[in-house]
Amino acid sequence: MSNEARRFHVAVVGATGAVGQTMLSILAERNFPISKLSLLASERSAGQQVDFEGQKITIQDLATFDPAGVEIALFSAGGGISKEFAPRFAAAGAVVIDNSSTFRYDDDVPLVVSEVNPEAAKNRPRGIIANPNCSTMQLMPVLAPIHREYGIERINIATYQSVSGAGQTGMEELGKQTAQLLGFQEIEPTKFPVQIAFNLIPHIDEFLDNGFTKEEMKLVWETRKILGDDTILVNPTAVRVPVFYGHSEAVNIETRKKITTEQARELLAAAPGVKVVDERKAGGYPTPVTHASGTDPVYVGRIREDISHPRGLNMWVVADNIRKGAALNAVQVAELVANGG
């Protein structure tokens, strides 16, 4: 973005959290046109200082902050905070880009993935734009070009979601349990319902009446809204895995028109934000550690036709859930807004 562009008063709400900190680093990396930066968090974090492009910026208490003059507000402080404060910032004239699930399913709030439906960011009657859930986020840049060319009827997906998706406490619990178990000590789960170290947990978020979890249903609701097609069938299973950063997804789609492996690779190689890593050899596929962690792209590999269905395709999709799954897309949406979107 040009240094000559108009500059904006930007607020980051939840600036001390993992996503908030990543937002700050991405704002700096991408040279976002900032005239003033307000960093906001809870009262207990107020007064701390954060380095941003060589300056020390003091964290302010969100509860007492006056949002007047803020033009773009990036929220990543949880649903309760968003519900209370996002409308206040919007009423004061800011465009709010919210990372929580609070507004995602409201018809008058656009749900935007920058590479997929950037035009949706322009229609924001409440001054709020929602960021999708991290597992949906990385899926959309892969599925959107396929859906546009071939039509997707059904998606079967199993997610393998890292503990950073559960926040700092999730990462601390995995680290602590791993050390305890390697030292032959007893462990006591606190953040997760059962042991996470050396284990898999097919349970993320609360269970709903249909037997699915809320995390699983987010994939259903958000996929349909972002792709603009309520006829797409989605069958999800969400699993927490003992990985620190990076979500992985085993994806099987059934398309309306047949798509070959070669056609899929060609389409995905040209898709913005997507990187194909698909060689049929040891290490010729993306993993959270070797590819995703700390990087921007959504990686896709293990692309192969479904031998059980005439119009089926299998893929393995991996991305950094904190970076691409939350912070990067929020900044990319802010860039759309800054550029008149």
Side-chain angles (χ1 to χ4, degrees), residues 14 17-19 75-84 98-107 109 111 113 130-140 143 152 154-174 176-178 187-227 229-254 288 316-319 321-322 325-326:
V19 174
F75 269 68
S76 187
I81 296 295
S82 292
K83 188 173 184 180
E84 181 178 357
D98 181 47
N99 246 339
S100 79
S101 62
T102 304
F103 307 105
R104 286 179 193 153
Y105 315 116
D106 295 357
D107 290 340
V109 174
L111 185 63
V113 176
N131 230 19
N133 192 38
C134 46
S135 52
T136 312
M137 181 85 70
Q138 69 186 64
L139 188 61
M140 291 299 97
L143 293 192
I152 295 174
R154 187 166 184 250
I155 304 163
N156 282 293
I157 179 170
T159 70
Y160 304 80
Q161 298 183 215
S162 65
V163 294
S164 56
Q168 187 66 33
T169 54
M171 292 189 284
E172 288 169 357
E173 182 144 320
L174 174 58
K176 183 179 177 182
Q177 287 184 5
T178 302
I187 64 113
E188 187 73 41
T190 54
K191 176 66 176 180
F192 300 108
V194 297
Q195 174 184 320
I196 181 60
F198 308 102
N199 200 16
L200 304 174
I201 307 174
H203 169 202
I204 304 177
D205 213 328
E206 62 192 275
F207 281 95
L208 303 178
D209 290 343
N210 63 0
F212 287 76
T213 64
K214 192 173 180 185
E215 185 78 6
E216 290 161 348
M217 291 308 298
K218 288 173 185 176
L219 277 160
V220 181
W221 301 326
E222 295 174 19
T223 295
R224 290 172 172 173
K225 183 169 179 176
I226 293 163
L227 296 181
D229 188 342
D230 285 340
T231 69
I232 299 173
L233 302 173
V234 185
N235 180 42
T237 301
V239 183
R240 187 73 71 191
V241 298
V243 170
F244 283 104
Y245 291 101
H247 288 357
S248 304
E249 298 171 337
V251 184
N252 172 274
I253 60 171
E254 297 169 11
W316 175 250
V317 178
V318 181
N321 55 296
I322 297 294

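Only this structure's heavy atoms are used, side chains among them; waters, hydrogens and symmetry mates stay out.
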- Is there a side-chain contact (heavy atoms from CB on, under 4.5 Å) between V243 and Y160 once you walk through the steps? CA-CA 9 Å; V243 170; Y160 304 80; over 6 Å; no

- Message: To the closest 0.5 Å, what do you measure between NZ (K225) and NZ (K218)?
- Response: 14.0 Å

- Query: So, does E222 use its side chain to make a donor-acceptor pair with the main chain of R104 at under 3.5 Å?
  - Reply: no

- Note on the structure: Nearest heavy-atom approach of Y245 to S164 is CD2-OG, 3.6 Å

- Should K176 and E173 count as an ion pair when the cut-off is N to O under 4.0 Å? no

- Which residue pairs pass the side chain to side chain donor-acceptor pair (under 3.5 Å) test when at least one of the two sits in residues 231-241, sequence neighbours left out? N156-N235, D229-T231, T231-R256

- Message: Which heavy atom of L200 sits nearest to which heavy atom of P242, and what is that distance?
- Response: CD2-CD, 4.0 Å

- Item | Closest contact, heavy atoms only, E215 versus A238 | CG-CB, 4.0 Å

- Item | A197 backbone acceptor or donor facing Q177 side chain under 3.5 Å | yes

- Message: If only side-chain N and O atoms count, and only distance matters, is there a donor-acceptor pair under 3.5 Å linking N321 with Q161?
- Response: no

- Distance (rounded to the nearest 0.5 Å) between L219 CG and I155 CD1: 8.5 Å

- Within 6.0 angstrom of D107 CG, more than 12 heavy atoms from elsewhere: no

- With a 4.5 Å limit on heavy-atom distance, are the side chains of F103 and S82 in contact? yes

- Message: Could you tell me if E249 and S135 have a donor-acceptor pair between their side chains, going purely by distance under 3.5 Å?
- Response: no

- Message: Nearest 0.5 Å, please: how far is CD1 in I152 from CD1 in I232?
- Response: 6.0 Å

- Note on the structure: Rounding to 0.5 Å, atoms CG (L139) and SG (C134) come to a distance of 12.0 Å

- Message: My understanding is that only residues two or more places apart in sequence, or in another chain, count here; which of them pass ring-ring contact (aromatic ring centres under 6.0 Å, His included) with F207?
- Response: H203

- Start with the C-alpha distance between V163 and F192, add both sets of side-chain angles, then the distance that settles side-chain contact (heavy atoms from CB on, under 4.5 Å), and finish with yes or no. CA-CA 9 Å; V163 294; F192 300 108; 3.8 Å; yes

- Item | Minimum-distance pair of heavy atoms, taken over all atoms of S76 and N99 | OG-ND2, 3.5 Å

- Task: First locate atom CE of M217, then atom OG of S101, and finally report the distance between them rounded to the nearest 0.5 Å.
- Result: 13.5 Å

- From M171 CE over to S162 OG, what is the distance, rounded to the nearest 0.5 angstrom? 8.5 Å

- Message: Contact between V113 and P132 at the side-chain level, heavy atoms closer than 4.5 Å - yes or no?
- Response: yes

- Under 3.5 Å: donor-acceptor pair, side chain of S248, backbone of V318: no

